[in-house]
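A note on names: the letters A, B, ... follow the listed sequences, proteins ahead of strands, and every chain is numbered from 1.
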Number of protein chains: 2
Amino acid sequence: MNIGDVARKSGLPAKTIRYYEDIELVTPKREANGYRVFSDADLHKLTFLARARALGFTIEDCRTLLALYEDETRASAEVKNVARRHLSEIEAKIADLQAMHATLTRLYEECAGDHRPDCPILEGLSGDGDNATPDTGHDTHKGEG
Amino acid sequence: MNIGDVARKSGLPAKTIRYYEDIELVTPKREANGYRVFSDADLHKLTFLARARALGFTIEDCRTLLALYEDETRASAEVKNVARRHLSEIEAKIADLQAMHATLTRLYEECAGDHRPDCPILEGLSGDGDNATPDTGHDTHKGEG
DNA sequence: TCTTGACCTTACAGTTACTGGAAGGCCCAT
DNA sequence: ATGGGCCTTCCAGTAACTGTAAGGTCAAGA
């Protein structure tokens, strides 16, 4: 199979597949003319990657998961650990977004949204109101240079 | 005020403030020695930016909001539009994350997490199970080169 | 006066996971 | 030989910073 075929079958853009080769997630062979040749195993890997990425795993997590997938002697506990950590991150992100949503919705609903300049949203951002921004409890940034 | 002062007062890292100057969100004056000098208005702007960023607005949204903030003749409807669009994006992201969370939780709970290699999470990713990945309905990527 | 240390400066590279585009080679049909 | 659709590489750009190096400035203390 050439790259276009596996792109169609895996649902990944050809460009992404080339990138995955670049970072050594897949290592297709080459034809004499330089074209990449993908085996069924390569396609399977790419499909695995597409699914893992769709679940929000980072590339590095994908690398780990792929290694575990190919290690017949793995302990499922290891996989579960990766998944647990990722679930925690997803939960943290959801919580962050929900906090933003709650705050912004409050301001949004107070805003008349008409031709006049008075705007509780801008007032909230400028710090006039209290409670202007939520504190989600985790760091947005750490120490400084 | 020097950059360290406004960094402490706004909660933004000095590095970020320099970056904001780079992209012309703030334009502090300079002392003879080259040090940036921030006015109260600059500090106010930075605090505004910090709050808007904490609510997840993009830098470009921040630029727009700041311009509206400084335009005495604005219509609050314009601000509300920016907020509405941003709320929609937050909602879409939450929905995506919740779909990922649901799928991964299902696999997670099926996984024994012990010393044995059998793992429903990996099976789900490799496509053995049905329903392996959710379809959130929006594009992850568009056309191809 | 010299030094120490905290502050400030710039410039460049790296992060994440791609995406876009240019410039060109390969292959098949007309 | 020409057109179109594939394929190749390489370079640059995205978002919003962050890290690091190399060095200038300033106030306090020995």
- Shared hydrophobic cluster, Tyr35(B) / Leu43(B) (ILVMFWY, side-chain heavy atoms < 4.5 Å): no

- Against the side chain of Ile59(B), the closest entry in dT20(D), dC17(D), dT8(D) is dC17(D)

- Message: Can you measure Glu24(B) atom CD to dA16(D) atom C1' for me and round it to whole angstrom units?
- Response: 16 Å

- Message: Whether the Asp42(A) and Ser39(A) side chains hold a donor-acceptor pair (N or O, under 3.5 Å, no angle test) is what I'd like checked.
- Response: yes

- Starting at CG of Leu12(B) and ending at C1' of dA16(D), how long is that distance when rounded to a whole Å? 12 Å

- Task: State, with a plain yes or no, whether a side-chain heavy atom of Lys93(A) is found less than 4.5 Å away from one of Lys93(B).
- Result: no

- Item | Side-chain ion pair, Glu21(A) and Arg18(A), N-O less than 4.0 Å | no

- Message: In this structure, how many angstroms lie between the C1' atom of dC8(C) and the NZ atom of Lys15(B), rounded?
- Response: 12 Å

- Find the distance Arg63(A):CZ to dT16(C):P and express it as a whole number of Å. 11 Å

- Item | d(CZ, Arg30(A); C1', dC7(D)) in whole Å | 10 Å

- Message: Strictly below 4.0 Å: does Arg8(A) bring a side-chain N or O up to OP1 or OP2 of dC6(D)?
- Response: no

- Which part of the nucleic acid, if any, lies within contact of Tyr20(B), taking any heavy atom under 4.0 Å across all strands shown: a base, the sugar-phosphate backbone alone, or nothing? sugar-phosphate

- Item | Integer-rounded Å distance: dT18(D) P and Arg18(B) CZ | 12 Å

- Given that Gly4(A) and Tyr35(B) both sit by DNA chain D, which one's nearest nucleotide is further toward the 5' end? Gly4(A)

- Query: dC6(D) P sits how many Å from Met1(A) CE, rounded?
  - Reply: 17 Å

- Message: Heavy atoms only, 4.0 Å cut-off, all strands: where does Ile3(A) land among base, sugar-phosphate and nothing?
- Response: sugar-phosphate

- Message: So, does Arg36(A) get its side chain near the phosphate of dT9(D), meaning an N or O under 4.0 Å from OP1 or OP2?
- Response: yes

- Task: Would you check if Tyr69(B) and His44(B) make a side-chain contact, meaning some heavy-atom pair closer than 4.5 Å?
- Result: yes

- Message: Does a side-chain N or O of Arg53(B) approach OP1 or OP2 of dC17(D) to a distance below 4.0 Å, or not?
- Response: yes

- Judged by nearest nucleotide, the residue sitting upstream toward the 5' end of DNA chain D, Asn33(B) or Thr58(B), is Thr58(B)

- To the nearest angstrom, how far is Asp22(B) atom CG from dT18(D) atom C1'? 14 Å

